[in-house]
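Numbers restart at 1 for each chain; the letters A, B, ... are given by sequence-line order, proteins then strands.
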Protein chains: 2
Amino acid sequence: MPDHPVVERFIAYLREKNLPVTAQRLAIAEVLLASDRHLSAEEVARELTAAGRPVGTATVYRTIDTLLASGLLVHHEHLVCAHCGRVEEFRDERLERMTTIVAESRGFARQRHRLVIHGVCRDCQRGGGR
Amino acid sequence: MPDHPVVERFIAYLREKNLPVTAQRLAIAEVLLASDRHLSAEEVARELTAAGRPVGTATVYRTIDTLLASGLLVHHEHLVCAHCGRVEEFRDERLERMTTIVAESRGFARQRHRLVIHGVCRDCQRGGGR
DNA sequence: ATAAATGCAAAGGGTTTGCAAAGGC
DNA sequence: GCCTTTGCAAACCCTTTGCATTTAT
(Lines give C-alpha, C1' and ligand atoms only; values in the text may rest on other atoms or scores of the structure.)
Protein backbone atom coordinates (compact mmCIF):
# COMPACT_ATOMS: atom_id res chain seq x y z
CA MET A 1 0.00 0.00 0.00
CA PRO A 2 2.06 2.86 -1.33
CA ASP A 3 1.52 6.17 0.41
CA HIS A 4 -0.55 8.28 -1.89
CA PRO A 5 0.80 11.76 -2.43
CA VAL A 6 -2.37 13.13 -0.88
CA VAL A 7 -1.64 11.26 2.30
CA GLU A 8 1.82 12.81 2.30
CA ARG A 9 0.15 16.15 2.12
CA PHE A 10 -2.03 15.25 5.04
CA ILE A 11 1.04 14.36 7.06
CA ALA A 12 2.57 17.68 6.14
CA TYR A 13 -0.61 19.43 7.24
CA LEU A 14 -0.65 17.65 10.58
CA ARG A 15 3.00 18.48 11.23
CA GLU A 16 2.41 22.09 10.27
CA LYS A 17 -0.46 22.32 12.75
CA ASN A 18 1.42 20.41 15.40
CA LEU A 19 -1.18 17.69 15.41
CA PRO A 20 -0.17 14.13 16.20
CA VAL A 21 0.35 11.94 13.16
CA THR A 22 -1.48 8.83 14.26
CA ALA A 23 -1.86 5.50 12.52
CA GLN A 24 -5.65 5.93 12.56
CA ARG A 25 -5.56 9.31 10.91
CA LEU A 26 -3.37 8.05 8.14
CA ALA A 27 -5.40 4.90 7.65
CA ILE A 28 -8.62 6.88 7.43
CA ALA A 29 -7.08 9.45 5.10
CA GLU A 30 -5.83 6.67 2.83
CA VAL A 31 -9.22 5.08 2.49
CA LEU A 32 -11.15 8.31 2.17
CA LEU A 33 -8.85 10.04 -0.27
CA ALA A 34 -8.42 6.96 -2.45
CA SER A 35 -12.09 6.07 -2.79
CA ASP A 36 -14.19 7.67 -5.46
CA ARG A 37 -17.48 6.32 -4.27
CA HIS A 38 -19.46 7.26 -1.20
CA LEU A 39 -18.30 5.74 2.07
CA SER A 40 -20.16 6.10 5.31
CA ALA A 41 -18.16 6.54 8.48
CA GLU A 42 -19.28 3.07 9.50
CA GLU A 43 -17.98 1.60 6.27
CA VAL A 44 -14.60 3.19 6.71
CA ALA A 45 -14.35 1.88 10.24
CA ARG A 46 -15.44 -1.60 9.23
CA GLU A 47 -13.16 -1.76 6.22
CA LEU A 48 -10.12 -0.74 8.21
CA THR A 49 -10.95 -2.99 11.12
CA ALA A 50 -11.28 -5.89 8.70
CA ALA A 51 -7.90 -4.96 7.27
CA GLY A 52 -6.33 -5.29 10.70
CA ARG A 53 -6.13 -1.55 11.32
CA PRO A 54 -9.07 -1.03 13.67
CA VAL A 55 -10.52 2.46 14.13
CA GLY A 56 -13.69 3.61 15.85
CA THR A 57 -16.43 5.49 14.05
CA ALA A 58 -15.98 8.50 16.31
CA THR A 59 -12.40 8.72 15.13
CA VAL A 60 -13.53 8.55 11.52
CA TYR A 61 -15.81 11.52 12.08
CA ARG A 62 -13.10 13.44 13.88
CA THR A 63 -10.60 12.73 11.15
CA ILE A 64 -13.04 13.77 8.46
CA ASP A 65 -13.27 17.15 10.19
CA THR A 66 -9.52 17.44 10.16
CA LEU A 67 -9.34 16.46 6.51
CA LEU A 68 -11.99 19.02 5.66
CA ALA A 69 -10.10 21.69 7.58
CA SER A 70 -6.96 20.79 5.66
CA GLY A 71 -8.78 21.26 2.40
CA LEU A 72 -7.71 17.82 1.20
CA LEU A 73 -11.24 16.53 1.45
CA VAL A 74 -14.23 18.37 0.08
CA HIS A 75 -17.92 17.94 0.57
CA HIS A 76 -19.95 16.31 -2.16
CA GLU A 77 -23.53 16.63 -3.11
CA HIS A 78 -25.62 13.51 -2.73
CA LEU A 79 -28.15 11.97 -5.05
CA VAL A 80 -30.27 9.37 -3.33
CA CYS A 81 -32.53 7.01 -5.22
CA ALA A 82 -35.88 6.91 -3.49
CA HIS A 83 -36.49 3.48 -4.95
CA CYS A 84 -33.33 1.38 -4.56
CA GLY A 85 -31.53 3.52 -2.04
CA ARG A 86 -28.41 3.90 -4.13
CA VAL A 87 -26.34 6.94 -3.21
CA GLU A 88 -24.37 8.78 -5.84
CA GLU A 89 -21.90 11.51 -5.04
CA PHE A 90 -20.88 14.36 -7.23
CA ARG A 91 -19.41 17.79 -7.23
CA ASP A 92 -20.74 20.73 -9.12
CA GLU A 93 -18.91 24.01 -9.30
CA ARG A 94 -21.94 25.97 -10.35
CA LEU A 95 -23.97 24.71 -7.44
CA GLU A 96 -21.15 25.54 -5.12
CA ARG A 97 -20.87 29.06 -6.43
CA MET A 98 -24.59 29.53 -6.28
CA THR A 99 -24.79 28.60 -2.62
CA THR A 100 -22.14 31.20 -1.92
CA ILE A 101 -24.03 33.87 -3.83
CA VAL A 102 -27.32 32.99 -2.23
CA ALA A 103 -25.82 33.00 1.25
CA GLU A 104 -24.16 36.35 0.66
CA SER A 105 -27.35 37.86 -0.65
CA ARG A 106 -28.75 37.21 2.80
CA GLY A 107 -25.77 38.51 4.68
CA PHE A 108 -24.22 35.16 5.46
CA ALA A 109 -20.54 34.38 4.95
CA ARG A 110 -20.79 30.88 3.56
CA GLN A 111 -18.62 28.21 5.08
CA ARG A 112 -19.99 24.97 3.73
CA HIS A 113 -23.22 23.36 2.74
CA ARG A 114 -24.94 20.04 2.49
CA LEU A 115 -27.18 19.14 -0.39
CA VAL A 116 -29.11 15.92 -0.79
CA ILE A 117 -31.29 15.44 -3.82
CA HIS A 118 -33.90 12.71 -3.70
CA GLY A 119 -35.16 11.20 -6.91
CA VAL A 120 -35.40 8.02 -8.95
CA CYS A 121 -32.28 6.72 -10.64
CA ARG A 122 -32.08 5.67 -14.26
CA ASP A 123 -32.29 1.94 -13.51
CA CYS A 124 -35.30 2.26 -11.30
CA GLN A 125 -37.03 4.51 -13.79
CA ARG A 126 -37.16 1.69 -16.31
CA GLY A 127 -39.02 -0.78 -14.18
CA GLY A 128 -35.77 -2.08 -12.75
CA GLY A 129 -34.49 -1.50 -9.28
CA ARG A 130 -34.85 -3.46 -6.13
CA MET B 1 -58.41 32.90 14.94
CA PRO B 2 -60.01 33.47 11.54
CA ASP B 3 -59.54 30.67 9.06
CA HIS B 4 -56.83 31.76 6.70
CA PRO B 5 -57.72 31.34 3.06
CA VAL B 6 -54.83 28.89 2.74
CA VAL B 7 -56.41 26.68 5.35
CA GLU B 8 -59.63 26.80 3.35
CA ARG B 9 -57.67 25.56 0.41
CA PHE B 10 -56.27 22.75 2.50
CA ILE B 11 -59.77 21.72 3.47
CA ALA B 12 -60.75 21.77 -0.17
CA TYR B 13 -57.74 19.61 -0.97
CA LEU B 14 -58.61 17.08 1.71
CA ARG B 15 -62.22 16.86 0.54
CA GLU B 16 -61.11 16.46 -3.04
CA LYS B 17 -58.84 13.57 -2.05
CA ASN B 18 -61.41 12.07 0.26
CA LEU B 19 -59.13 12.48 3.22
CA PRO B 20 -60.60 13.07 6.66
CA VAL B 21 -60.67 16.71 7.72
CA THR B 22 -59.41 16.40 11.26
CA ALA B 23 -58.96 19.04 13.91
CA GLN B 24 -55.26 18.19 14.11
CA ARG B 25 -54.67 18.62 10.42
CA LEU B 26 -56.31 22.01 10.43
CA ALA B 27 -54.51 23.15 13.55
CA ILE B 28 -51.14 22.13 12.13
CA ALA B 29 -51.90 23.71 8.77
CA GLU B 30 -52.87 26.95 10.47
CA VAL B 31 -49.65 27.21 12.40
CA LEU B 32 -47.43 26.08 9.57
CA LEU B 33 -48.97 28.17 6.83
CA ALA B 34 -49.19 31.29 8.96
CA SER B 35 -45.63 31.26 10.25
CA ASP B 36 -42.89 32.82 8.24
CA ARG B 37 -40.04 31.58 10.37
CA HIS B 38 -38.75 28.09 10.75
CA LEU B 39 -40.71 25.77 13.04
CA SER B 40 -39.57 22.33 14.00
CA ALA B 41 -42.14 19.58 14.27
CA GLU B 42 -41.58 19.60 17.99
CA GLU B 43 -42.28 23.31 18.18
CA VAL B 44 -45.53 22.98 16.31
CA ALA B 45 -46.66 20.18 18.58
CA ARG B 46 -45.68 22.08 21.71
CA GLU B 47 -47.26 25.33 20.59
CA LEU B 48 -50.56 23.67 19.76
CA THR B 49 -50.57 21.57 22.88
CA ALA B 50 -49.99 24.72 24.94
CA ALA B 51 -52.90 26.32 23.10
CA GLY B 52 -55.19 23.52 24.18
CA ARG B 53 -55.21 21.75 20.85
CA PRO B 54 -52.82 18.88 21.52
CA VAL B 55 -51.18 17.05 18.62
CA GLY B 56 -48.36 14.50 18.58
CA THR B 57 -45.13 15.07 16.69
CA ALA B 58 -45.79 12.07 14.50
CA THR B 59 -48.98 13.72 13.35
CA VAL B 60 -47.12 16.92 12.59
CA TYR B 61 -44.74 15.02 10.34
CA ARG B 62 -47.59 13.19 8.66
CA THR B 63 -49.50 16.40 8.10
CA ILE B 64 -46.43 18.11 6.68
CA ASP B 65 -46.28 15.33 4.09
CA THR B 66 -49.89 15.93 3.20
CA LEU B 67 -49.36 19.67 2.97
CA LEU B 68 -46.38 19.11 0.73
CA ALA B 69 -48.39 16.79 -1.48
CA SER B 70 -51.09 19.42 -1.70
CA GLY B 71 -48.57 21.97 -2.88
CA LEU B 72 -49.65 24.42 -0.20
CA LEU B 73 -46.40 23.97 1.62
CA VAL B 74 -43.03 24.01 -0.07
CA HIS B 75 -39.58 23.02 1.04
CA HIS B 76 -37.18 25.77 1.98
CA GLU B 77 -33.47 26.00 1.93
CA HIS B 78 -31.81 26.57 5.28
CA LEU B 79 -29.12 28.99 6.28
CA VAL B 80 -27.61 28.17 9.65
CA CYS B 81 -25.34 30.54 11.49
CA ALA B 82 -22.36 28.62 12.78
CA HIS B 83 -21.92 31.19 15.50
CA CYS B 84 -25.28 32.02 17.04
CA GLY B 85 -27.24 29.07 15.69
CA ARG B 86 -29.90 31.20 14.07
CA VAL B 87 -31.76 29.42 11.28
CA GLU B 88 -33.04 31.36 8.32
CA GLU B 89 -35.29 29.90 5.70
CA PHE B 90 -35.61 30.94 2.13
CA ARG B 91 -36.65 29.82 -1.29
CA ASP B 92 -34.72 30.28 -4.46
CA GLU B 93 -36.12 29.37 -7.81
CA ARG B 94 -32.78 29.22 -9.50
CA LEU B 95 -31.41 26.81 -6.95
CA GLU B 96 -34.48 24.69 -7.33
CA ARG B 97 -34.13 24.56 -11.08
CA MET B 98 -30.46 23.81 -10.83
CA THR B 99 -30.99 20.78 -8.63
CA THR B 100 -33.41 19.45 -11.21
CA ILE B 101 -30.95 19.96 -14.01
CA VAL B 102 -28.07 18.47 -12.07
CA ALA B 103 -30.12 15.43 -11.09
CA GLU B 104 -31.25 14.88 -14.64
CA SER B 105 -27.75 15.16 -15.96
CA ARG B 106 -27.01 12.09 -13.89
CA GLY B 107 -30.09 10.17 -14.90
CA PHE B 108 -32.14 10.93 -11.81
CA ALA B 109 -35.73 12.10 -11.90
CA ARG B 110 -35.65 14.68 -9.16
CA GLN B 111 -38.35 14.57 -6.53
CA ARG B 112 -37.14 16.89 -3.81
CA HIS B 113 -33.99 18.05 -2.15
CA ARG B 114 -32.63 19.36 1.07
CA LEU B 115 -30.05 22.09 1.23
CA VAL B 116 -28.47 23.47 4.36
CA ILE B 117 -25.88 26.19 4.07
CA HIS B 118 -23.64 26.84 7.04
CA GLY B 119 -22.03 30.21 7.48
CA VAL B 120 -21.81 33.25 9.69
CA CYS B 121 -24.73 35.66 9.77
CA ARG B 122 -24.43 39.41 9.38
CA ASP B 123 -24.76 40.12 13.09
CA CYS B 124 -22.12 37.61 14.10
CA GLN B 125 -19.77 38.87 11.42
CA ARG B 126 -19.49 42.21 13.11
CA GLY B 127 -18.31 41.00 16.46
CA GLY B 128 -21.88 40.48 17.58
CA GLY B 129 -23.39 37.07 18.04
CA ARG B 130 -24.91 35.21 20.92
C1' DA C 1 -69.76 0.33 9.75
C1' DT C 2 -65.50 1.21 7.54
C1' DA C 3 -61.38 2.95 6.49
C1' DA C 4 -58.19 6.27 7.88
C1' DA C 5 -55.86 9.21 11.32
C1' DT C 6 -54.06 9.65 15.87
C1' DG C 7 -50.80 9.10 19.82
C1' DC C 8 -47.55 6.93 22.13
C1' DA C 9 -43.36 4.93 22.61
C1' DA C 10 -40.00 2.29 20.47
C1' DA C 11 -36.83 2.00 16.62
C1' DG C 12 -33.98 4.06 13.41
C1' DG C 13 -30.04 6.63 10.96
C1' DG C 14 -26.34 9.47 11.43
C1' DT C 15 -23.59 12.18 14.33
C1' DT C 16 -21.56 14.00 18.74
C1' DT C 17 -19.81 13.72 23.39
C1' DG C 18 -17.70 12.35 28.11
C1' DC C 19 -14.29 10.14 30.03
C1' DA C 20 -10.74 6.63 31.04
C1' DA C 21 -6.98 4.56 28.65
C1' DA C 22 -3.42 4.79 25.01
C1' DG C 23 -0.01 7.05 22.43
C1' DG C 24 2.60 10.90 19.79
C1' DC C 25 5.97 14.34 20.58
C1' DG D 1 5.90 13.73 31.12
C1' DC D 2 2.49 16.52 28.85
C1' DC D 3 -1.12 17.02 25.97
C1' DT D 4 -3.87 15.14 22.34
C1' DT D 5 -6.20 11.34 20.37
C1' DT D 6 -8.63 7.20 20.75
C1' DG D 7 -12.45 4.01 21.71
C1' DC D 8 -16.42 2.84 23.70
C1' DA D 9 -20.97 3.55 24.86
C1' DA D 10 -24.27 6.69 25.92
C1' DA D 11 -26.50 10.72 24.41
C1' DC D 12 -28.52 13.33 20.69
C1' DC D 13 -31.37 15.14 16.99
C1' DC D 14 -34.63 14.38 13.78
C1' DT D 15 -37.69 11.35 11.61
C1' DT D 16 -40.30 7.05 10.89
C1' DT D 17 -42.94 3.04 12.31
C1' DG D 18 -46.05 -0.44 14.76
C1' DC D 19 -50.06 -0.92 16.86
C1' DA D 20 -54.06 -0.21 19.73
C1' DT D 21 -57.46 3.44 20.00
C1' DT D 22 -60.15 7.22 18.32
C1' DT D 23 -62.52 9.58 14.72
C1' DA D 24 -64.40 11.36 10.19
C1' DT D 25 -67.40 10.05 6.81
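- Distance CG (B:Leu26) to P (C:dA5): 14 Å, rounded to an integer number of Å.
- In terms of modelled atom types and a separation under 3.5 Å, the side chain of A:Gln24 and the main chain of A:Arg53 share no donor-acceptor contact.
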Where protein sits on nucleotides 5-11 of chain D, one letter per nucleotide: B base, S sugar-phosphate only, - none, heavy atoms under 4.0 Å: SBBB---
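- Atom CZ of A:Arg112 sits in a crowded spot, with more than 12 heavy atoms from other residues, nucleotides or ligands closer than 6.0 Å.
- In this structure, B:Tyr61 places its OH atom 15 Å from C1' of C:dG7, rounding to the nearest Å.
- Rounded to whole Å, atom C1' of D:dA24 lies 18 Å from atom CD of B:Glu16.
- Atom NZ of A:Lys17 is separated from atom C1' of C:dC25 by 18 Å (rounded to the nearest Å).
- Side-chain atoms of A:Leu79 and A:Phe90, non-hydrogen and from C-beta on, do get closer than 4.5 Å to each other.
- The distance between atom CG of B:Asp65 and atom C1' of C:dA4, rounded to the nearest whole Å, is 15 Å.
- A donor-acceptor contact closer than 3.5 angstrom is absent between the side chains of A:Arg25 and A:Thr66.
- Residue contacts for B:Arg114: at a heavy-atom cut-off of 4.0 Å it reaches the sugar-phosphate backbone alone, with no base atom in range.
- Judged by distance alone, the side chains of A:Glu89 and A:His38 do bring a donor and an acceptor atom under 3.5 Å apart.
- A straight line from CG of B:Asn18 to C1' of C:dA5 spans 15 Å, rounded to a whole angstrom.
- Donor-acceptor pairing under 3.5 Å is recorded for the side chains of A:Glu77 and A:His113.
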